[in-house]
Amino acid sequence: MRKRLFQVRKLTCSFKIQRLGIIMKVMSFSFPVSSSPSPTPPAYDLQLHKFSFIDRLKTCKSLEELRQIHTQIIKSNFHQTQLLYTTIISSCSVFHTSYPDYALSAFQHLLNPTIDDYNAIIRCFSNSKSNSLDGFLLYNEMLRNGLIPNNFTIPFLLKACALSRAIREGMQIHAQSIKLGLVLDVYVKNTLMRVYAVCGVIEAVRKVFDGSPQSDLVSWTTLIQGYVKMGFAQEGIQAFFDMCETNLQADEMTIVIVLSACARLGDPHLGKRIHSYLNENKLNRDVFVGNALVDMYLKCGDVELAHKVFNEMRMKNVVSWNSMISGLTQQGEYKEALSVFRKMQNIGVKPDSVTLVGVLNSCANLGVLEMGKWLHAYMDMNQIRADGFIGNALVDMYTKCGSIDEAFKVFEGMRHKDVYTFTAMIVGFAMNGQGLSALDLFSEMPKMGIKPDEVTFVGVLSACSHLGLVEEGLKHFESMSTVYNLVPQAEHYGCVVDLFGRSGLVREAEEFVRNMPVEPDEFIWGALLSSCRLHGYVELGRSVMEELIKIEPEKDGAYILMSNLYSSANRWGDALQVRKIMKQRRMKKIPGCSSIELGGVVYEFQKGDKSHPKSKEIYLLLDDITNHIKDYGHSMLANVLS
DNA sequence: GTAGGGTTAG
């Protein structure tokens with residue numbers, strides 16, 4: 001009878017499992033079966049070793065080791081098979097990857113699984129990334145067998161929900177834990193909070209947190225992280241201070257999350273305060289804490305302190321290097337980012353895709369195509385697919401370096417294109433004078449089910465502007481709010497001013513500026529002033545210049561544009577007057593800066609620059625080139641060079 | 001035997 005029950009149970013289980021499409025991979029692990037014991041008894045007394053076998057099973061560290069002991073046990077004619085299978089399941093459950101298939105094979109041999117056996121097998125599934133929710137099948141079977149879930153069952157199930165972002169199942173378990181009176185258990189509470197946190201329902205996280213008075217450090221940390229990950233860094237920091245009021249002391253994990261909140265807020269004072277907390281409470285500077293500090297200091301703009309923390313880190317991993325490279329890139333320290341990357345390579349740390357995204361971004365901003373190409377080749381050699389984040393970074397690098405064809409090749413090869421991919425390409429086309437291609441690609445987006453965002457429209461509007469398509473540009477501008485529910489930002493208004501201005505509709509541009517709902521910034525006035533210069537609107541230009549000077553009195557841009565406007569209208573006296581004012585106010589034209597890349601090193605230079613150690617030779621060579629050009633009769637070009 | 005950690009794009 002017992003055997004029949006077992007068979008029925010086993011069948012139900014395997015039927016359900018087949019129905020869910022779980023492919024049993026036991027063959028690859030070759031689950032040993034007890035039907036073929038060794039015919040030759042070993043020389044020593046195996047009975048003495050049987051329990052030590054079980055102990056070894058309990059402490060084994062890998063599936064391979066477990067399988068070997070398992071086989072030895074079977075060969076030794078060990079009769080307590082139920083104990084054996086129970087031990088296998090619980091051993092699997094503590095592995096990092098808990099091999100649910102192997103554990104399930106053992107589980108199917110159990111005649112009367114106990115609550116502990118069910119907990120262990122559910123735990124095995126809860127650790128599995130691909131099929132964590134399959135543990136629910138065993139949970140249902142457990143309930144049908146009349147077993148009552150306990151304070152261990154619920155956290156395992158909730159962990160599976162968190163891993164699979166399964167909020168519906170999580171809510172069901174929430175309801176069950178209330179019914180079972182388990183919701184006050186702090187482990188249940190914390191795993192429940194985690195499910196809601198990873199599913200982005202911050203209100204529910206707070207409600208569960210407030211729902212019971214018992215909160216430990218994990219509850220607080222989960223609450224803080226819930227806030228920070230959902231973009232409520234300020235609330236996360238507040239929760240941290242509330243926690244401190246309860247006299248709980250943060251540990252390294254809490255501090256890492258609090259530091260990430262400081263990074264998001266970009267608040268260096270707060271970050272330094274947390275850094276002091278770390279020292280005052282003698283917390284360990286593990287690699288996670290070090291990385292979080294580096295990230296925080298860079299996001300708060302303190303490059304020097306970030307370097308200091310980074311240099312003092314005893315242990316570094318790839319994330320430490322990535323934090324430096326990405327952080328420096330975000331701060332506009334592109335050359336420094338590339339130099340950190342070079343150091344990383346020199347000491348033999350293997351870059352990952354996050355490293356490459358940061359480095360590509362720096363290359364894009366420096367315009368160093370050769371290095372960008374090298375990174376692309378590195379990706380090919382290491383079978384890193386140009387997709388997702390890294391594909392987008394590659395497209396952006398090629399467009400910013402002017403290699404629009406290469407960019408499009410990468411774009412076409414990408415399997416997963418999102419709004420970032422399309423935007424990088426559209427902006428790239430627009431920047432490289434291929435407005436029509438930009439608009440063509442934009443029209444593809446709805447067909448692919450991808451909704452444009454604010455940055456996409458910057459590309460679309462500037463494409464229209466350069467093509468002189470005023471009506472089409474205005475139509476797209478309108479569609480931002482009417483079709484796509486996007487709120488136009490100052491830069492979109494700036495694009496429209498440019499759209500009118502470039503086409504000679506300077507009065508329309510002016511009217512647009514005067515009537516727009518946002519306060520015009522320096523870019524908007526700048527666009528209007530440029531169009532005044534382009535089309536000779538001297539008087540309007542003068543009033544725009546005054547507006548511009550109000551916003552940025554220290555900058556020279558408005559004065560230069562106005563002086564150029566006067567000279568192009570042959571009003572030399574006025575042009576001179578503007579230059580005079582600049583001189584009186586001790587303003588100098590900020591020189592333009594160029595850079596070239598040679599052998600992977602970026603050299604920056606500007607007019608009159610003598611900072612290079614070989615500047616004397618460089619200028620001699622330049623004179624030589626100028627003379628040659630003059631010899632060929634290109635006097636205009638020679639004047640520019642000299 | 002159960003829970004919480006850092007870096008990436010237009």
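Lettering follows sequence order; numbering is per chain, from 1.
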Counting any heavy atom closer than 4.0 Å, what does Leu217(A) reach on the DNA or RNA strands: base, sugar-phosphate only, or nothing? base
Out of dG4(B), dG10(B), dT2(B), which nucleotide sits closest to the side chain of Asn151(A)? dT2(B)
Under 4.0 Å between any heavy atoms, over every strand shown, what does Val395(A) touch: base, sugar-phosphate, or nothing? Just pick one. nothing
Under 4.0 Å between a side-chain N/O of Lys159(A) and OP1 or OP2 of dT2(B), yes or no? no
Does Phe152(A) lie flat on the base of dT2(B), that is, centres under 5.5 Å apart and planes under 30° off? no
Side-chain N or O of Gln330(A) versus OP1/OP2 of dT7(B): is the shortest distance under 4.0 Å? no
Once you apply a heavy-atom cut-off of 4.0 Å, does Val289(A) come out as touching a base, just sugar-phosphate, or nothing? base
Under 4.0 Å between any heavy atoms, over every strand shown, what does Ser90(A) touch: base, sugar-phosphate, or nothing? Just pick one. nothing
Parallel, tilted or perpendicular: which one describes the rings of Phe411(A) and Phe408(A), with boundaries at 30° and 60°? parallel
Base, sugar-phosphate alone, or nothing: which one does Asp352(A) contact when heavy atoms must sit under 4.0 Å apart? nothing
Stacked cation flag Lys189(A) on Phe209(A), 6.0 angstrom / 45 deg: yes
For dT8(B), does OP1 or OP2 lie under 4.0 Å from any side-chain N or O of Lys299(A)? yes
Give one of base, sugar-phosphate or nothing for Thr254(A), where a contact means two heavy atoms less than 4.0 Å apart. base
Please determine whether any donor N or O and acceptor N or O are separated by less than 3.5 Å between the side chain of Thr221(A) and the base of dG4(B). yes
Give a yes/no on whether any side-chain N or O of Arg194(A) is located under 4.0 angstrom from OP1 or OP2 of dA3(B). no
Which part of the nucleic acid, if any, lies within reach of Asp251(A) when heavy atoms closer than 4.0 Å are counted: base, sugar-phosphate only, or nothing? base
Once you apply a heavy-atom cut-off of 4.0 Å, does Val319(A) come out as touching a base, just sugar-phosphate, or nothing? base
What nucleic acid atoms does Lys229(A) come within less than 4.0 Å of, heavy atoms only: base, sugar-phosphate, or nothing? sugar-phosphate
Using a 4.0 Å heavy-atom cut-off across all strands, classify Lys417(A) as base, sugar-phosphate, or nothing. nothing
Proximal nucleotide (of dA3(B), dG5(B), dG1(B)) relative to the Tyr187(A) side chain: dA3(B)
